[in-house]
Amino acid sequence: MQPATSLTEIDFADQENPWDFLPATEQPAWRHHPEYNRCRRELRVAPPLVTESETEDALRAIAKVAAGSARMLQVGDCAESFDESGSAATAAKVDVITELAEHLSWRVAQETVRFGRMAGQYAKPRSNSLEVVDGVEMPVFRGHLVNAPEPNVVARHCDPRRLLRAHAASAEVLDGLRTHWQNPGTPGHNGPWTSHEALVMDYESPQVRTGVTTGARYLSSTHFPWIGERTRQLDHAQVRLLASVSNPVACKVGPTVDPATVVRLCGLLDPDRTPGRLTLIIRMGRSAVAEALAPVVRAVHRAGHPVVWLSDPMHGNTVRAKTGKKTRYLDAMIDEAVQFRSTLDSLGRHPGGVHLEVAATEVTECVGGPVADENALEAHYESLCDPRLSPEQAHEFIESVF
Ligand code: PEP
Ligand code: CO
């Protein structure tokens with residue numbers, strides 16, 4: 001394995017794409033496209049979406065969670081849509097996050113630091129590259145950054161011009177988001193900041209910038225990027241990219257991980273053991289979390305990393321409804337999150353908060369609360385990817401877990 005510093009030895013300024021030297025899965029096959037080089041060049045000189053000082057504010061806020069004096073809520077769509085970047089859509093999403101955060105704060109008597117899966121959550125890892133719709137085989141939808149969701153072969157072609165559309169849509173969402181910030185730049189500023197899965201290297205790597213105040217490199221595509229469960233290989237581009245920037249970062253951790261691997265990830269992503277720098281998002285599933293989480297928590301604690309422990313009770317509890325649609329049961333999510341909380345409590349560690357996929361409207365994508373059973377899923381199933389909780393279901397979740 002390469003040492004943690006190897007990436008910083010690559011001279012960014014001289015390389016069109018330093019990530020070409022590292023393996024990366026889940027990347028769109030669009031390099032032959034006539035617009036590919038132009039789009040990457042334009043992204044390299046596009047205005048930064050977030051500022052270095054905003055990422056520092058976000059890191060300071062997460063440090064309060066690491067210290068045990070605050071909680072974190074990370075909430076939003078599984079896949080954001082380019083069609084929902086206007087100020088009204090953003091205001092509706094901010095309202096939902098804020099109300100859920102107030103609910104959580106009231107339950108636990110602590111302040112809540114807020115993050116949206118917003119302003120960049122446009123790329124999805126997928127288990128299969130192809131699917132069959134009405135007898136026709138086509139590439140799967142990989143998020144608006146890559147292709148279009150309509151079920152036809154033309155829409156599903158990947159198109160690198162979407163790199164620039166994603167940047168423009170993110171800028172618009174951020175414009176809306178910043179109007180909702182209270183006391184920016186002060187210790188009381190609790191977001192909502194932006195976060196998304198740093199997946200597509202052609203989108204992320206041109207947005208690495210040198211900060212003006214510290215001269216450190218930071219990722220200007222979002223305040224708080226995370227690495228997905230499928231792309232957290234230690235020597236892959238996604239891990240090395242986030243190891244090389246100064247933002248607060250997160251990594252998903254699934255049920256099959258071994259504790260030694262998590263410790264190595266922590267060594268790469270948090271070499272200086274900085275409170276707020278690294279969040280581990282636990283998504284093990286209700287039947288695995290009780291056994292798999294404790295050894296990971298013990299190993300990370302022994303290694304001295306002051307990480308934030310966040311529960312994602314969605315991604316380990318996805319099932320197929322009888323209709324064929326993906327769904328999730330609220331009971332299963334509550335069960336996983338309660339086990340997460342009690343495991344951390346019993347080990348004397350702070351259960352930092354939760355990472356949830358929640359819509360801004362009363363969708364019927366998960367079963368529970370007002371959605372009585374799988375037959376009720378059809379009414380308002382609108383997700384572009386994974387099934388989200390409705391705001392009402394999310395409040396019921398918080399009520400039951402905290
Ligand atoms: C997601 O957050 O939408 C996702 C794909 O998660 P994971 O990497 O945990 O599967
Ligand atoms: Co998802």
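Whatever order the structure lists them in is the order used to number ligands and atoms, beginning at 1.
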Item checked: Nitrogen or oxygen of Arg230 less than 3.5 angstrom from that of ligand 1 ->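 Such a contact does occur with ligand 1.
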Next item on the list: Could you tell me whether Gln121 and ligand 1 have an N or O pair separated by under 3.5 Å?
Entry: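 The answer is no, given that Gln121 and ligand 1 share no N or O pair closer than 3.5 Å.
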Give the minimum heavy-atom separation between [X] and [Y], together with the two atoms involved.
X      : Y      : value
Ala292 : Met284 : CB-SD, 3.6 Å
Tyr36  : Asp202 : OH-OD1, 2.7 Å
Cys39  : Leu163 : CB-CD1, 4.3 Å
Leu269 : Arg277 : O-NE, 2.6 Å

Notebook entry, point to check: Does at least one non-hydrogen atom of Glu357 fall below 4.0 angstrom from an atom of ligand 1?
Noted result: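 Contact present.
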Next item on the list: Work out whether the distance between some heavy atom of Lys124 and some atom of ligand 1 is less than 4.0 Å.
Entry: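 Yes, Lys124 has a heavy atom closer than 4.0 Å to ligand 1.
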Notebook entry, point to check: Looking only at heavy atoms, is any part of Glu229 under 4.0 Å from ligand 1, and if so is it the side chain, the backbone, or both, or is it neither?
Noted result: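 Answer for Glu229: both.
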Note to self: For Pro125, which part has a heavy atom under 4.0 Å from ligand 1: side chain, backbone, both, or neither?
What the structure shows: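 For Pro125, the contact with ligand 1 is made by the side chain alone.
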So, [X] versus [Y], ring centres under 6.0 angstrom or not?
X      : Y      : result
Phe82  : His144 : yes
Trp226 : His355 : yes
Trp181 : His189 : yes

Check: Of the protein's non-hydrogen atoms, which lies at the shortest distance from atom 6 (O) of ligand 1, and what is that distance?
Finding: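 I find the closest protein heavy atom is Lys252 NZ, 2.8 Å.
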Next item on the list: Considering heavy atoms of the protein only, find what lies nearest to atom 1 (C) of ligand 1 and give residue, atom and distance to 0.1 Å.
Entry: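 For this ligand atom, the closest protein heavy atom is His315 NE2, 3.0 Å.
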I need the atoms of ligand 1 closer than 4.0 Å to a non-hydrogen atom of [X], numbered in the order shown.
X      : result
Gly228 : 8 (O)
Arg283 : 7 (P), 9 (O), 10 (O)
Arg117 : 1 (C), 2 (O), 3 (O)
Cys78  : 3 (O)

Checklist line | SB check Arg286 Asp335 (cutoff 4.0 Å) | finding: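 A salt bridge is present here (some side-chain N lies under 4.0 Å from a carboxylate O).
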Check: Can we say Arg178 and Glu54 salt-bridge, meaning some charged N sits less than 4.0 Å from an Asp/Glu carboxylate O?
Finding: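 Salt bridge between Arg178 and Glu54, a charged N being under 4.0 Å from a carboxylate O: yes.
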Checklist line | Glu378 CD to Lys325 NZ distance, which is reported to the nearest 0.5 Å | finding: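 Glu378 CD to Lys325 NZ: 4.5 Å, rounded to 0.5 Å.
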Next item on the list: Mind listing the protein N/O/S atoms less than 2.8 Å away from the Co ion (ligand 2)? Waters don't count.
Entry: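 The answer is Cys78 SG, His315 NE2, Glu357 OE2, Asp386 OD2.
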Notebook entry, point to check: Among Arg156, Arg161, Arg162, whose salt bridge (charged side-chain N to carboxylate O under 4.0 Å, His left out) with Asp159 holds?
Noted result: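 That would be Arg161; it is the only one of Arg156, Arg161, Arg162 passing the salt bridge (charged side-chain N to carboxylate O under 4.0 Å, His left out) with Asp159.
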Check: Taking the six-membered ring of Phe141, is NZ or CZ of Lys124 closer than 6.0 Å to its centre and within 45° of its axis?
Finding: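 Not flagged: Lys124 not positioned over aromatic ring of Phe141.
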